[in-house]
Amino acid sequence: MDITQLIENDVLNLSIQGELDANSSIDLDAVLKEAIDRQMTNIMIDCKDLVYISSAGLGVFISHLDDLKGYGGKFVFYGMDPAVYNVFEILGLHTIMEIVESKFEAQTLMNES
Amino acid sequence: MYSLIMNLVEQLERSREEMSIADRIKSSLIPTKLPTCSVVDIAAYLEPSVEVGGDFYDLHEPDENTLVMMIGDVSGKGIPAALHMAEMKGIFKALAPLDLAPDEFMIRTNQAVTTCFEPNVFVTLIYLVLKRKERTLTYARAGHCPILHYSHAAGQANYIKDRGMGLGILRDQRFKDHVHVYDRKLYSGDIFVLMTDGFEEAAELGSNDRYGAIRLKKSLERARKSTAETVKQSMLKDFSNYVVNARTLDDLGMMVLQVK
């Protein structure tokens, strides 16, 4: 898995490429912790090259949900493959996380907050 | 040289001891005997991807008319997941005799998970209450793989797409709004297959192809349906034919309920 970070208009855009499994979720957790420490709490997750997410990977996002909310920030996911979306949907995460199709929609949601 | 060899011998003995402990944990947490039931024939399977894992199932009969069951999966793998799995079994053992409605069971279990588990740990679970006289199955799904249902009348299998949030995700009162209870009548010849996600997610070596929901559905439709055990064995055989050239990524858990 690779993570590419880009900051645009005070929003952190994390692009995740490959498989987010138990090992790579440790790297993702470190990236998110560092971002939150830097008060970067509006985070867009580009999922278009994310091919697989394990329970450990989901756990990383779940564990930071309340942190972000506490700072007035949030995650917005976009470009999700149907198979990856299905994992979020089965777990019920689609009802509490913001998941949109395009980067434009994600930016629009971020600007609303 | 001598001390190096002795160190290696000690390490090997420690590993053997750890594996032996893991085996004992594993066997002590798998129900030794499945209950016999006048309404459903039951078969179950559990296989961790490493020595021990986070998948689990359990059953309990609080009274003559009632059989409660659960199948679930703690996030993560290996010893940390197994420890949480053991806690889940403890929670079940404490709550199952109370014959709680599925929503009450889920709310109390979510409270326990919130109290006991780290914020990055969540649990998926299906909790079912079978009433023998009424021939009904009442259940709630907490983020777990949907139930695969074979309808004898229709001669085909389909996933039951119920709503329900995983445990440990919403760690406060909000969780109540994400618990949903469903009722099903039990018709003779119907089959309910409850699985953990290791089956669906098993992937072909060197490719992104996975065993997947459709193969599982076809596998159930093809299965020999004389007993729950033959259904389970047929589905496992189909799966093992696929995983010959695949890497399994996760633990495997399955319960088959065949309505008599």
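Numbered from 1 within each chain, the chains take letters A, B, ... in sequence-line order.
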Inset, instruction - Give, as side chain, backbone, both or neither, the part of B:R171 having an atom under 4.5 angstrom from any heavy atom of chain A. - result: neither
Inset, instruction - Could you tell me whether A:D29 and A:K33 make a salt bridge, using a distance below 4.0 angstrom between a side-chain N and a carboxylate O? - result: yes
Legend entry - Under 4.5 Å from any heavy atom of chain B - which part of A:N86: side chain
Legend entry - Interchain contact, A:D66 with chain B, by part (heavy-atom threshold 4.5 Å): side chain
Inset, instruction - Go through the steps for B:Y211 and B:F239 under the test ring pair (Phe, Tyr, Trp, His ring centres under 6.0 Å), then give the verdict. - result: CA-CA 8 Å; B:Y211 189 63; B:F239 179 74; 5.0 Å; yes
Legend entry - Under-4.0 Å salt bridge between B:D190 and B:R184: no
Inset, instruction - Could you tell me whether B:E200 and B:K217 make a salt bridge, using a distance below 4.0 angstrom between a side-chain N and a carboxylate O? - result: no
Legend entry - Proximity breakdown for A:I96 and chain B, heavy-atom pairs closer than 4.5 Å: side chain
